[in-house]
Student: 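Please read through the structure below; I'll follow up with questions.
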Amino acid sequence: MDLLLLLKAAIMGVVEGLTEFLPISSTGHLILAGALLGFHGEKAKVFDIAIQTGAIFAVILVYWERIKSTIVELPTERRAQKFALNVIVGFLPAVVLALIFGKFIKAHLFTPYVVATTFILGGFIILWAEKRSASGAGAIRVNSVDDMTVMDALKVGLVQCLAMIPGTSRSGATIIGGMFLGLSRKTATDFSFFLAIPTLIGAGVYSLYKERALLSTADIPLFAVGLVFSFVSAWLCVRWLLKYISSNSFVPFAYYRIVFGVIVLVTAWTGVVSWSEA
């Protein structure tokens with residue numbers, strides 16, 4: 001196995017882990033990082049989706065006590081049954097729309113230009129949400145994932161589908177969307193993490209199965225390195241984010257998205273950087 005290729009896999013794993021659960025789009029960063037590293041093509045797209053599983057293992061580890069108690073209590077406890085139902089309901093819209101539009105999106109929207117544009121638009125939406133929250137215009141009516149209704153879960157699940165557009169950010173869509181829907185910042189973040197478990201594991205397994213003809217046993221070290229680095233960096237990131245949101249807003253991430261998106265567009269337009277298609 002080419003050591004340089006393994007190094008690229010490690011870098012991509014770190015990028016995935018650090019960006020998957022922040023409202024800045026892991027897919028967008030992977031596309032841009034892949035363009036800079038020359039790590040692109042059909043196999044690279046499968047790799048980008050597959051290593052999300054490593055990041056999800058980090059979420060499972062952080063939330064293990066809640067996940068374990070839900071599994072144990074599922075046959076008898078109403079709270080566990082309601083929570084599991086909400087996660088399933090929130091997960092289903094992404095499944096349906098991914099099956100319908102997934103192929104088209106992969107073929108036409110996975111480019112640095114699309115990512116940069118959605119980065120900028122997403123940044124302004126976050127600023128709008130935070131301004132609305134600070135002014136008290138959006139009343140918080142749900143302060144815990146246990147207080148969410150099935151309709152709340154469905155609405156967040158529908159908002160999550162916006163993240164099918166590269167650069168939007170799955171976590172950004174669900175967290176900020178949840179805040180618009182009346183969820184507290186902590187509740188929206190927690191549900192975003194729980195919703196990510198079936199969503200990203202499902203996407204990873206489906207992608208590996210669908211594109212299995214592209215892969216061989218020689219690819220195992222490449223994927224293993226990506227998964228490990230994704231797991232470690234995501235674990236650190238999730239623990240930090242849960243502390244961060246207790247006393248901070250997402251405004252810095254909004255400005256980051258806007259500035260970074262503008263830099264990509266300007267450097268691409270002027271030819272300073274050759275942002276090739278991923």
Student: Give me the atom names and distance for the closest heavy-atom approach of Gly167 to Thr118.
Tutor: CA-OG1, 3.2 Å

Student: Between Thr174 and Arg170, is any pair of side-chain heavy atoms under 4.5 Å apart?
Tutor: yes

Student: Taking the basic N atoms (NZ, or NE/NH1/NH2) and the acidic carboxylate oxygens, is any pair closer than 4.0 Å for Lys43 and Asp219?
Tutor: yes

Student: Take atom CZ of Phe229 as the centre, draw a 6.0 Å sphere, and report whether it contains more than 12 heavy atoms from other residues, nucleotides or ligands.
Tutor: no

Student: Can you see which heavy atom on Val150 is nearest to which on Asn86, and at what distance?
Tutor: CA-OD1, 3.3 Å

Student: Could you go through Val87 and Phe191, starting from their C-alpha distance and side-chain angles, then the distance that decides it, and tell me whether this counts as side-chain contact (heavy atoms from CB on, under 4.5 Å)?
Tutor: CA-CA 8 Å; Val87 172; Phe191 192 68; 4.2 Å; yes

Student: Testing the basics here: between Gly172 and Pro23, what is the closest heavy-atom pair and its distance to 0.1 Å?
Tutor: CA-CB, 3.6 Å

Student: Does a sphere of radius 6.0 Å around CZ in Arg212 hold more than 12 heavy atoms from other residues, nucleotides or ligands, not counting ones at 6.0 Å or beyond?
Tutor: yes

Student: Let me know which of Ser169, Ser25, Ser171, Ser26 forms a side chain to side chain donor-acceptor pair (under 3.5 Å) with Glu20.
Tutor: Ser26

Student: Any donor-acceptor pair under 3.5 Å linking the side-chain atoms of Thr149 with those of Asp152?
Tutor: yes

Student: Can you tell me how far the CD atom of Glu77 sits from the CZ atom of Phe83, to the nearest 0.5 Å?
Tutor: 14.5 Å

Student: Scan for side-chain hydrogen bond (donor to acceptor under 3.5 Å, both in side chains) pairs involving residues 221-240, sequence neighbours excluded, and state none if there are none.
Tutor: none

Student: Does a side-chain N-to-carboxylate-O contact under 4.0 Å join Glu73 and Lys68?
Tutor: no

Student: Would you please test Leu200 and Thr53 for side-chain contact (heavy atoms from CB on, under 4.5 Å) and show each step?
Tutor: CA-CA 6 Å; Leu200 299 187; Thr53 307; over 6 Å; no

Student: Taking C-beta and beyond as the side chain, do Ile126 and Val251 meet within less than 4.5 Å on heavy atoms?
Tutor: no

Student: Provide the closest heavy-atom pair for Leu183 versus Ile140 in the form atom of the first, atom of the second, distance.
Tutor: C-CG2, 4.4 Å

Student: Distance from His29 atom NE2 to Asp48 atom CG, nearest 0.5 Å?
Tutor: 13.0 Å

Student: Quick check: do Ser69 and Arg79 have side-chain heavy atoms less than 4.5 Å from each other?
Tutor: yes

Student: Kindly indicate whether the side chain of Phe231, heavy atoms from C-beta on, has any atom under 4.5 Å from the side chain of Leu61.
Tutor: yes

Student: Are any of the side-chain heavy atoms of Leu158 and Leu97 separated by less than 4.5 Å?
Tutor: no

Student: Is it the case that atom CZ in Phe57 sees more than 12 heavy atoms from other parts of the structure closer than 6.0 Å?
Tutor: no

Student: Side chains of Arg132 and Met179, heavy atoms from C-beta outward: is any pair under 4.5 Å?
Tutor: no

Student: Would you say Lys8 has more than 12 foreign heavy atoms packed within less than 6.0 Å of its NZ?
Tutor: yes

Student: Angle between ring planes, Phe119 versus Tyr256, binned at 30° and 60°: parallel, tilted or perpendicular?
Tutor: tilted

Student: If every non-hydrogen atom of Arg257 is compared with every non-hydrogen atom of Gly123, which pair is closest and at what distance?
Tutor: NE-N, 3.4 Å

Student: For Ala129 and Ile176, which heavy atoms make the closest approach, and how far apart are they?
Tutor: CB-CG2, 3.5 Å

Student: Check whether Tyr63 forms a cation-pi arrangement with Arg66 (NZ or CZ under 6.0 Å from the six-membered ring centre, at most 45° off the ring normal).
Tutor: no

Student: Is the Phe253 ring parallel, tilted or perpendicular to the Tyr244 ring (thresholds 30°, 60°)?
Tutor: perpendicular

Student: Any side-chain heavy atom of Phe91 sitting closer than 4.5 Å to one from Gln160?
Tutor: no

